[in-house]
2 protein chains.
Amino acid sequence: MTKTFKISEAVVRRLPVYLQVLGDLHKRDIQTVSSQELGNKLDLNPAQIRKDLAYFGEFGRKGIGYDVSYLIEKIRQILKLDQPLSVGLVGAGNLGRALCNYNTYLKDNMKITAVFDAHAPIVGTKINSLTVLPMDSLIEKVKELNIRIGIITVPAFEAQNVADRFVAAGVEGILNFAPVILRVPEHVRIHYADFTRDLLSLAYYLEKEGETENEPVVD
Amino acid sequence: MTKTFKISEAVVRRLPVYLQVLGDLHKRDIQTVSSQELGNKLDLNPAQIRKDLAYFGEFGRKGIGYDVSYLIEKIRQILKLDQPLSVGLVGAGNLGRALCNYNTYLKDNMKITAVFDAHAPIVGTKINSLTVLPMDSLIEKVKELNIRIGIITVPAFEAQNVADRFVAAGVEGILNFAPVILRVPEHVRIHYADFTRDLLSLAYYLEKEGETENEPVVD
DNA sequence: TAGATTGTTAATCGATTAACAATC
DNA sequence: TAGATTGTTAATCGATTAACAATC
């Protein structure tokens with residue numbers, strides 16, 4: 001019954017960032033914040049922040065700003081973090097283990113509730129309170145725990161296979177850390193968390209060696 | 001002496017993706033590829049791919065397409081991966097260790113050459129062939145190894161401090177994995193590899209529980 | 001030559017920013 | 001009331017896509 005625009009992906013991807021800053025403010029017992037202040041902290045145009053939020057409702061008060069707690073609550077609702085959300089992870093290597101440690105951080109209602117791995121020696125080991133499960137229990141567990149998002153932290157050559165299994169099990173979204181493009185049906189959403197992209201593109205902006213005087217036009 | 005347009009960030013961030021797919025093609029001994037074929041693999045408009053590449057030069061042949069090896073070479077040059085590039089990492093936890101394991105993957109000329117950690121028990125331990133160094137050796141080592149990019153994989157509350165040290169040591173770019181916004185001087189470039197953003201925004205696209213019939217307009 | 005495909009210009013589309021009435 | 005700040009419309013800016021001459 002809410003508005004049925006299509007909200008652009010750029011907008012949605014800024015919401016978690018707002019949530020992050022608002023969380024900080026909340027921790028510091030700050031009650032109210034203006035789009036101006038948020039913009040300063042995030043290097044974002046205040047008008048953009050107001051517009052982003054206005055897609056979803058009227059959360060601010062004219063002349064006053066936004067109530068921090070209320071806005072946090074609202075953004076959580078928008079991101080559907082106001083209900084428990086169960087996440088599964090395949091690939092219990094260092095990266096997988098690292099992500100599981102964010103479980104405390106994710107808090108809210110999102111939680112990694114099952115970890116799988118294809119390699120026998122790893123199956124059965126513990127990551128915090130989770131026991132690593134074998135791949136052939138994936139479909140069953142995904143259903144049992146109502147897992148709706150899958151995280152892939154396996155090597156690139158195994159990633160498509162894992163994605164196929166997640167899709168077969170019925171997950172609605174996949175977060176892929178493997179540096180490879182995955183093919184999934186249209187109804188499954190994929191986000192790529194491939195840090196090699198961030199790292200390689202960072203190299204582009206380095207000063208060319210032995211060309212320190214002729215700075216590239218950046219603006 | 002090359003073109004001095006400002007190339008948009010969106011373009012630069014696609015280059016590593018092109019490199020990825022081209023690498024696959026090369027491994028499969030495919031010599032030539034058209035923008036059409038690349039577009040299919042990447043779900044990208046062929047015109048966009050041609051335009052992206054054309055910012056940097058004329059790399060294709062009309063009627064033929066792009067020579068895979070040649071294009072790989074050229075994109076590497078553009079990204080400045082045709083020269084050795086030394087990367088430092090702070091935070092030898094699971095995430096840091098995981099990234100170090102990508103060292104083989106990064107191959108090319110980019111390499112993590114030093115790992116630092118603030119916590120005494122971790123200092124001196126080994127990650128592959130690297131020994132974890134204490135934080136107070138950072139500035140010295142960055143200079144000695146000509147480290148130009150810093151990776152931050154410490155908890156959020158320590159990240160700004162680490163960034164400050166990297167900046168003091170003279171790095172030109174930072175890849176930050178901590179879920180926090182960092183303040184650095186303008187001449188230092190920051191890329192955020194904060195997967196919590198990807199994960200939380202993924203939740204937005206889930207079907208609202210108990211609302212399976214009224215699908216949101218997505219287009 | 002006919003077919004394919006680039007590089008590039010022009011057209012379209014979408015996202016960001018500015019401006020301002022409404023109002024706390 | 002005067003000052004601040006929202007929500008929203010209009011203006012601007014930039015990025016994507018279409019179209020096509022050049023040419024392999």
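Residue numbers start from 1 in every chain, and the chains themselves are labelled A, B, ... in the order their sequence lines are given, proteins ahead of strands.
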Would you mind reading off the distance between [X] atom [atom1] and [N] atom [atom2], rounded to a whole angstrom?
{"X": "A:L53", "N": "D:dT8", "atom1": "CG", "atom2": "P", "answer": "12 Å"}
{"X": "A:D67", "N": "C:dC24", "atom1": "CG", "atom2": "C1'", "answer": "14 Å"}
{"X": "A:E58", "N": "D:dT5", "atom1": "CD", "atom2": "C1'", "answer": "13 Å"}
{"X": "A:F59", "N": "D:dT8", "atom1": "CZ", "atom2": "P", "answer": "11 Å"}
{"X": "A:K62", "N": "D:dT6", "atom1": "NZ", "atom2": "P", "answer": "11 Å"}

Taking all non-hydrogen atoms of both residues into account, name the closest pair between [X] and [Y] and its distance.
{"X": "A:I75", "Y": "A:L15", "value": "CG2-O, 3.9 Å"}
{"X": "B:Y192", "Y": "B:L182", "value": "OH-N, 3.0 Å"}
{"X": "B:A114", "Y": "B:I147", "value": "CB-CD1, 3.9 Å"}
{"X": "A:L200", "Y": "B:L79", "value": "O-CD2, 3.7 Å"}
{"X": "A:C100", "Y": "A:L89", "value": "SG-CD1, 4.4 Å"}

Does a donor on one side chain and an acceptor on the other come within less than 3.5 Å for A:D164 and A:Q160?
-> yes

Modelled atom types, side-chain donor and acceptor of A:Q48 and A:D52, under 3.5 Å = no

For DNA chain D, produce a single dot-bracket line, 5' to 3'. Pairs: Watson-Crick or G-U wobble, both distances under 3.5 Å. Symbols: ( ) within strand, [ ] crossing, | other strand, . unpaired.
-> ..||||||||||||||||||||||

Are A:R13 and B:D198 within salt-bridge range, i.e. N to O under 4.0 Å?
-> yes

Identify which nucleotide among C:dC24, C:dT6, D:dC24 has an atom closest to any side-chain atom of B:I64, counting heavy atoms from C-beta outward.
-> D:dC24

Dump the pairs, protein N or O against N or O of nucleotides 14-20 of chain C, anything under 3.5 Å, distances to one decimal.
residue : atom : partner : partner atom : Å
C:dT16  : OP1  : A:R14   : NH1          : 3.2
C:dT16  : OP2  : A:R14   : NH2          : 3.2
C:dT16  : OP2  : A:Q48   : NE2          : 3.2
C:dT16  : O5'  : A:Q48   : NE2          : 2.8
C:dA18  : OP2  : A:N45   : ND2          : 3.3
C:dA19  : N6   : A:R50   : NH2          : 3.2

Determine: side-chain N/O of B:S35 to OP1/OP2 of C:dT6, distance under 4.0 Å, yes or no.
-> yes

